[in-house]
Amino acid sequence: MSDAPPHHSHYSPVIGEAKGYDLIGDVHGCAQSLERLLQQLGYQKVSGVYRHRDRQAIFLGDIVDRGPRIREALHLVRDMVEQGSAQMILGNHEFNAVVYSTPSTVPGEYLRPHTPANIRQISETLEQFVKYSQEWQEFLRWFVELPLFLEIQHPVTRQVFRAVHACWDQQLINQHRAHYGDGHIDWQFIHRSAQKGSLEAITKQRLTGGIDLPLPDGETMVSSDGYVRRAFRTKFWGHEAQTYGQLLFQPDPIPDYIAKAEISPAHRTQMVHYDQSQPPLFVGHYWLKGQPRPLAPNLACLDYSAVKYGRLVAYRMDGEAQLQPDKFVWVYVDP
Ligand SMILES: [Mn+2]
């Protein structure tokens with residue numbers, strides 16, 4: 001795709017005259033930290049909406065759930081999108097909120113089952129919208145208008161870059177575009193995504209959730225956020241991993257004997273390779289820790305666990321082909 005012609009029809013139209021883009025990782029209800037970050041990036045509130053003279057923010061999804069000011073964060077972001085000073089892609093948490101709230105054809109049931117784990121994931125959001133149910137319904141409808149991924153060509157350098165919440169899988173993206181034209185979804189996608197094994201279910205899971213491999217022999221582990229996990233998150237870039245430990249990409253370690261095992265041929269076929277000839281890609285999702293830096297010359301994850309008192313992180317994209325460590329900007333989130 002890096003040698004795609006400049007008038008590629010998949011590129012999202014440039015809104016206004018953005019000379020640069022500020023990609024922002026998972027907010028999860030940290031609205032105050034988001035305001036501090038936007039101010040640090042030079043955005044100013046004009047008529048109640050943050051905007052920048054010549055830059056546009058791109059939110060990588062997961063505005064909702066977990067944090068203290070979800071409603072405020074949603075208003076801030078949607079206002080920016082509606083005014084053209086931001087774009088946003090769907091995170092797994094927004095998508096899950098939609099399917100959690102959408103009745104299935106079975107009376108009393110929903111597209112996403114109301115299991116204890118699923119109830120817990122959305123509980124802060126629903127609590128904070130208890131008195132604003134009309135507003136919440138409007139946000140749910142707005143989520144369905146958002147794309148799963150963006151591919152943007154920088155107006156000056158002509159460099160293409162990409163944004164997806166968790167994993168860029170070119171094959172699934174090509175299939176999605178063949179059906180839907182671009183990265184957008186619709187209510188039919190929402191309903192189909194609830195059918196196990198459907199293209200929509202696979203696309204949603206892969207693009208907003210990344211690649212999970214199951215722990216062997218039905219083993220489980222408890223992650224640091226208190227969930228029982230039957231699978232672990234893996235890298236989708238680079239070809240060099242031989243063992244599961246080298247493929248692992250999550251804060252919690254896996255049992256040592258699994259980490260040292262060779263990746264099975266069956267699991268190898270599930271892997272996606274985002275190699276270094278591809279355009280720069282920005283993801284959120286993986287709640288990293290420590291000093292923000294590129295994961296590869298063409299890959300940055302901007303989720304540094306803001307809601308767990310980590311950092312809310314942005315990358316200032318000016319159309320460069322190689323991502324630079326000094327272009328990450330962040331605020332610390334205080335307890
Ligand atoms: Mn997240």
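Counting starts at 1 for both ligands and their atoms, in listed order. Every heavy atom of this structure was used, including side-chain atoms; hydrogens, water molecules and symmetry mates were not. Just so we're clear, the structure is a prediction, and the values are computed from it rather than from any experiment. Residue numbers count from 1 along this sequence.
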Practice problem: Determine how many protein N/O/S atoms sit closer than 2.8 Å to the Mn ion (ligand 1), leaving waters out since they are not shown. | Solution: 3

Quiz item: Angle class for the Trp136/Phe129 ring planes (parallel below 30°, perpendicular above 60°, tilted otherwise)?
Solution: tilted

Quiz item: Do His176 and Phe149 have ring centroids that are under 6.0 Å from one another?
Solution: yes

Self-check item: Under 3.5 Å: donor-acceptor pair, side chain of Asp62, backbone of His93
Solution: yes

Quiz item: Between Gln128 (side chain) and Ile70 (backbone), is there a donor-acceptor pair under 3.5 Å?
Solution: yes

Quiz item: Going by distance alone, is a donor N or O of one side chain under 3.5 Å from an acceptor N or O of the other, for Ser198 and Arg192?
Solution: no

Exercise. Return yes if a side-chain donor-acceptor contact under 3.5 Å exists between His75 and Glu135, otherwise no.
Key: yes

